[in-house]
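Below is one structure, written out as structure tokens; the observations come after it.
No experiment lies behind these values; they were computed from the predicted model shown. Chain A is the first sequence line, chain B the second, and so forth, proteins listed ahead of strands; every chain is numbered from 1. These numbers come from the heavy atoms of this one structure, side chains and all, not from hydrogens, waters or symmetry mates.
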Amino acid sequence: MEDLCPHSLELTQKMDYGLTRRRGVLLRLFCGLLIASLSRVDSAGLAEELHERISGTAGDVLEDDPVGRLKVFVYDLPAKYNTHMVDKDPRCLNHMFATEIFLHRFLLESPVRTLNADEADWFYVPVYTTCDLTSNGLPLPFKAPRMMRSALQYLSRTWPYWNRTEGADHFFTVPHDFGACFHYQEEQAINRGILHLLSKATLVQTFGQRFHVCLKEGSIVVPPYAPPSRMQSRFIPPSIPRSIFVYFRGLFYDPGNDPEGGYYSRGARAAVWENFKNNILFDISAEHPGTYYEDMQRSIFCLCPLGWAPWSPRLVEGVQFGCIPVIIADDIVLPFADAIPWEKIGVFVNEKDVPNLDKILTSIPIEQILEKQRLLANPAMKQAMLFPQPAQPGDAFHQILNGLARKLPHNVSIYQGTGEPALNWTAGPPGDLLPWVGDKDS
Amino acid sequence: MKFAGQRLSPGHRAGRKGNSPEKSTDATLRSASSVFRLLLHSFFCIVSLLLGFRLSRESLMLAVSVRNSVNDLGSSTMPAFQSEFPVAFPMAINHTHVKLVQEEFPSDLDPVKQILDEGEKSSRVSVGRHQILIRELPYPDPAEVMKAHLILARVQQEQRRIYGQVERRQPLIVITPTYRRAFQMLHLSSLKHTLMLVHAQLTWIVIEAGGRSTETAAIISDSGFKVYHLHLAQPMPPEWSKRLHMEALLRLRGLRFIREKKLDGVVIFADESNSHRVELFDEAQRVQWFGALSIGLLMPPKRYERGKSPLRWDILDFKARPLFLPVQGPACNESGYLVGWYYEYGSLAPKGNGSRTSGGFEWAGFAFNAAVLYDSVNKPSWIRDWDEWANEDDELRSPTVMVSDEKFIEPLGDCGRNVLVWWARSEARSDSKYPEGWVLSEQLEVVVPAKRTPWPDPPPPVAPPPPAAINASLGQGSHEKKRQGKRRNQVKRNSKKQDP
């Protein structure tokens, strides 16, 4: 690249003085920036021993700073759509779907927020659809489509921005099992499909599976929420040797909902159990140990098989604790897949190859294993999977904003009515069309 | 991971029980098939309730057995199900009759390639019941186990390399008092072998009571690192209680040597009868000025000092004070600073500035920078000068005489939690005899004849006597030692003959 710099000198001499002055300065600035960035890379080499820099398909994007690259306007919806739900049931703040709540809170305080909606690039609609919990704390998504419709009706009445683009520059958080399909059972979710009103908007969701109805193109896949303090309080010294080869704790069969097996996790977890329950290399069990986090830090591989949905918090935990995730979920789309090179970090195993899992894992060359561990040791990687409060640079909130910023600028066609029919407000099953009133159960 | 109870909504539960007869439909018969499906569903539900088992399974086994040969799990002929009713293939219902996967290693198992396969336009994944794939011999293959262990070893080595490094490496100076006795060979040679395993630059100072002897010199000579053999002329007193002071004097002699030579490094007191862990020597290199670590007491040293045999803990040790843990060492607060001491009878709080509570602790539990002995300029103020404390008439129970304020002592070994050295002193009686250098001369003779002795009469000479017999200089006069190498049966025969 240095040959560009003397070239700039030639330009300044040859061409017109007034024209080239600006151009030469620009080129010199560019050279200066180049040299500065190269020196920065050299100093980063000191830390290379401990961890390697994550270079995704788009470069070192994990460390991008979204501030200044986009502006987000947060709608001030009535409290019945968001804060009242949390007040009614504060358990929403701790379960794995709490992303929507914390993203809302983050955006309210973030420097990317703008109060002037006319200059905003993105619009955030804070609707807490997974905060309707049963008595044992599990969210029921049955009323979520109605809630969303009601919110969007309010939105389109109160502000002109929804009707301007029909939601193409709006984004929503739908962290539930199958995202905006709003059902926990996969067949029903596929039946419903993504809520029709959200078909143009950008969705921030945890569910990601290729060629699936419930993942639309352009969605931002995020990790499930796990309280960072709970994991970070359980670190053990990194010098403690990793002595477990493969580790997994969780259900293999779901006797309550799938007694015969074969439905739950598409039979993959059951295959892991049946094939490797006698294998000393596999520390797998359905028991719940008190040393779960410490054991993960003593393991080389942590299995992350699918359950009822392909994603699981084990991925986040494995990344936190330096345990290489072994992802057994066909066609899964992992969080921030455009920023994090997951195939360099984790091991992907097809569900049909589960019986040969031990052969697969032991045949990985040792240099690859060490490199994966070095990539996992990168603090940027660990930070990108977390939702800490208050937000820290490089965390998952910022990665979401980075993802939104990468989608800018919007295609101008979204602003002009292109002759496509407007969104059909009456599409969907008739049960969705019932009105939703917040506080009362209707 | 899903919660098990997630799907226990009331309507859902009943729906799951009599599971739908999975039948494939095509788009045109969709509505008719859904009605039919509903009817069949309710029929099977009722019948199952009556019969007590799932009728749908059994009937489907028949239907499926034909279909099994045709349909394949996850085949590419299955249409993309964005627009169609999802087809659920009823493959293995009962998971004990699962399809067995071939034993050989499939060739397309490169995990990376699967993700990057751009050519697929449709999903390989289908909703519904899938087979649980079990291979023929779901037992660990020993070759794989071996490979996994190699991977584990390599990963741990890398961990040690990255995280387990000692921050700085300093040379070590080991001080060992010794004297000639029966157990010297046992203790000193094992200490030598321990020191030979240490990955550090080592200087060994051995101070002998009663003058330099060839025996000691023979033991310490072939160690491979630098050894200084010093001595004090005064012999080790035979009474146990006086030996403690003598050992302290020997150590002091070693420290004076270091001071004269201005040796560099960390001073460790390795008594020859102690057992050391190699990690002790790594920890000692972290000492900046004065450090303390925990030692385990496998026998009560107090008994040794009082002159009783220190071979075991006795009820008498418990009478005075109840015993806690047989450990002597530093005690820290949460931030890792030394706040007191811990010894076998409990904890010792510091008594205040200027007093030493660790006065009775073993020398082996302390390590300090050699510079404090001679470098009065740079050493910290809380370490006293040599002239102040190195007085041979004093008691000198532990090296903390050097320290004027104990709270600056650095705790080592994870703040005293790692016990890195054990005090376990076993000795023979002070008047016990042993062959010099533990080398038996050629001929042994019975020293004390007895009436019913198992030793034989001197045999007729079968071979010329060997030329040089080393005369052992034992206290009891010089007897010629005859060789005891008679065969067992001859011994027995001879002894039988001698019986009256």
**Q.** A:S265, part contacting chain B, at a heavy-atom distance under 4.5 Å
**A.** neither
Q: Locate the shortest heavy-atom distance separating B:R135 from A:N275; write the atom from each residue and the value.
A: N-OD1, 3.0 Å
Q: Would you mind checking which part of A:F282 comes under 4.5 Å of any heavy atom in chain B, side chain (CB onward), backbone (N, CA, C, O), both or neither?
A: neither
(Q) Salt bridge check, B:D141 against A:K359: does any charged N sit closer than 4.0 Å to a carboxylate O? (A) no
**Q.** Interface residue of largest heavy-atom contact number with chain B, from A:P237, A:G267, A:P238, under 4.5 Å
**A.** A:P238
Q.
I need the A:I280 CD1 to B:H149 NE2 distance, nearest 0.5 Å.
A. 5.0 Å
Q) Taking all non-hydrogen atoms of both residues, which atom of A:I366 and which atom of B:R154 are closest, and how far apart? A) CG1-CG, 3.3 Å
Q.
Restricting to non-hydrogen atoms, name the atom on A:L361 and the atom on B:I151 that form the minimum distance, rounded to 0.1 Å.
A. O-CD1, 4.1 Å
Q) Under 3.5 Å, side chain of A:R266 to main-chain N/O of B:H130, donor-acceptor pair present? A) no
(Q) To the closest 0.5 Å, what do you measure between CE (B:M146) and OG1 (A:T362)? (A) 12.0 Å
Q: Applying side chain to side chain contact (heavy atoms under 4.5 Å, CB included), run through B:Y139 and A:N279 and close with a yes or a no.
A: CA-CA 6 Å; B:Y139 298 109; A:N279 197 324; over 6 Å; no
Q) Does any N or O in the side chain of A:D358 come within less than 3.5 Å of the main-chain N or O of B:A148, such that one atom is a donor and the other an acceptor? A) no
Q | Spacing of CZ belonging to A:F245 relative to NZ belonging to B:K147, to within rounding of 0.5 Å | A | 10.0 Å
Q) B:Q159 side chain to A:R242 main-chain N or O, any donor-acceptor pair under 3.5 Å? A) yes
Q | Side chain proximity check, B:I132 to A:Y253, heavy atoms < 4.5 angstrom | A | yes
Q) Is there a side-chain contact between B:P138 and A:E274, using heavy atoms and a 4.5 Å cut-off? A) no
